[in-house]
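The block underneath contains the structure these notes are about, expressed in structure tokens.
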Amino acid sequence: MNGRTRELIERLAQEHHLTENEYAELIEDRDDEAAALLSQRAVAVRRAIYGDAVFTRGLIEISNICKNDCLYCGIRRSNGNIQRYRLTPEEILSCADEGHALGFRTFVLQGGEDTWFTDKALCGIVSELKRRHPDCAVTLSMGERSRESYQRLFDAGADRYLLRHETADAAHYARLHPPGMSFENRMRCLNDLKEIGYQVGCGFMVGSPFQTARELAKDLEFIEAFRPDMCGIGPFIPHHDTPFGDRSAGTLELTLYLLSIIRLIHPPVLLPATTALGTIHPQGREKGILAGANVVMPNLSPVGVRKQYALYDNKICTGDESAQCRHCLEARMQSIGYRLVVDRGDIHK
Ligand code: SF4
């Protein structure tokens with residue numbers, strides 16, 4: 001590590017801010033020593049806020065039907081090679097009941113942009129979920145909707161919303177998405193969600209096609225300015241039935257490096273060690289926690305549909321029952337000296 005890189009890391013740890021050029025420099029000049037220093041600083045700030053706690057969210061993948069055609073996504077509209085499914089409201093609620101019995105106090109309802117989930121349908125599910133489990137936080141991850149829709153869902157009881165920004169560079173966004181999807185609308189959604197009062201999560205893939213240190217530096221600047229409550233980052237992993245099927249995956253090393261940087265940019269942020277990280281390396285999620293992450297998201301979806309929610313190839317944990325997923329992650333966290341906690345896991349501001 002050169003002196004300049006060390007100086008950037010120490011300044012970031014102190015001031016939680018660098019310029020776009022400095023972020024690009026920090027990424028381009030990285031080496032093992034720089035990664036070690038970054039993760040040491042990141043873990044120290046996270047420990048000061050959250051101790052040894054790792055939060056857990058129960059993920060319910062409610063539909064793999066999507067009207068969109070994002071070029072990197074295995075469940076994109078154009079992929080005719082997957083079996084489509086949509087859970088019924090009762091199936092969704094019973095996944096949550098099962099999760100509640102296992103100790104989960106926060107649920108993430110995630111799906112493609114499936115038009116069956118009108119405001120009325122989704123509000124009904126959210127309010128029933130909150131009625132059955134008033135002690136739980138409900139997170140939605142259902143894509144782009146109108147401001148009015150977000151407001152209705154919030155009024156029905158949704159607490160949090162995850163919408164990855166994907167990239168903070170408009171030209172890069174256009175290379176990852178078909179015409180008809182726009183960077184401006186994605187940003188509009190994120191701003192609406194924040195203004196309405198949701199706890200908001202953004203995020204991006206590491207190593208997505210056409211991404212360079214410059215795009216990543218813009219992502220980091222965006223995170224600095226937007227100050228999300230959550231930030232989901234994971235390596236890009238190609239899906240064979242997409243236009244990016246022959247691209248190489250993002251790396252574990254760069255994902256971990258960025259997790260540490262994001263922790264230092266916004267110390268209280270809720271930062272998941274994602275399933276994608278666990279997919280590119282058997283200990284990816286443990287390594288994510290050791291780089292500064294503090295959330296894991298075990299799968300509560302019915303086992304029968306899990307393989308169909310294939311955003312990318314070789315996704316792990318598609319055959320395990322919910323209880324197995326939870327216990328597996330608990331053991332994994334214990335093995336590295338952390339404690340899986342099952343409360344709502346709100347951000348500590
Ligand atoms: S990334 Fe999301 S919006 Fe895009 S095709 Fe996949 S599920 Fe649909």
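Just so it is clear, the values below take in all heavy atoms, side chains as well, and ignore hydrogens, waters and symmetry mates. In listed order, ligands and their atoms are each counted from 1.
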Original post:
Taking NZ, NE, NH1 and NH2 as the nitrogens, is one of them in Glu144 or Arg186 under 4.0 Å from a carboxylate oxygen of the other?
Top reply: yes
Original post:
Any protein heavy atom sitting closer than 4.0 Å to atom 2 (Fe) of ligand 1?
Top reply: no
Original post:
Does a donor on one side chain and an acceptor on the other come within less than 3.5 Å for Gln151 and Asp155?
Top reply: yes
Subject >> Distance, nearest 0.5 Å, that separates OG1 of Thr279 from CZ of Arg285 >> reply: 7.5 Å
**OP:** Establish, from distance only, whether the side-chain atoms of Tyr338 and Glu286 form a donor-acceptor pair under 3.5 Å.
**Re:** no
Original post:
When you check the space around atom 4 (Fe) of ligand 1, which protein N, O or S atoms turn up under 2.8 Å?
Top reply: Cys70 SG
**OP:** Determine, step by step, whether Lys287 and Leu252 satisfy the side chain to side chain contact (heavy atoms under 4.5 Å, CB included) criterion, reporting the C-alpha distance in whole Å, the side-chain angles of both residues, the deciding distance to 0.1 Å, and the verdict.
**Re:** CA-CA 9 Å; Lys287 287 176 185 290; Leu252 175 76; 3.7 Å; yes
Original post:
side chain to side chain contact (heavy atoms under 4.5 Å, CB included) with Tyr72: which of Glu166, His239, Arg247?
Top reply: Glu166
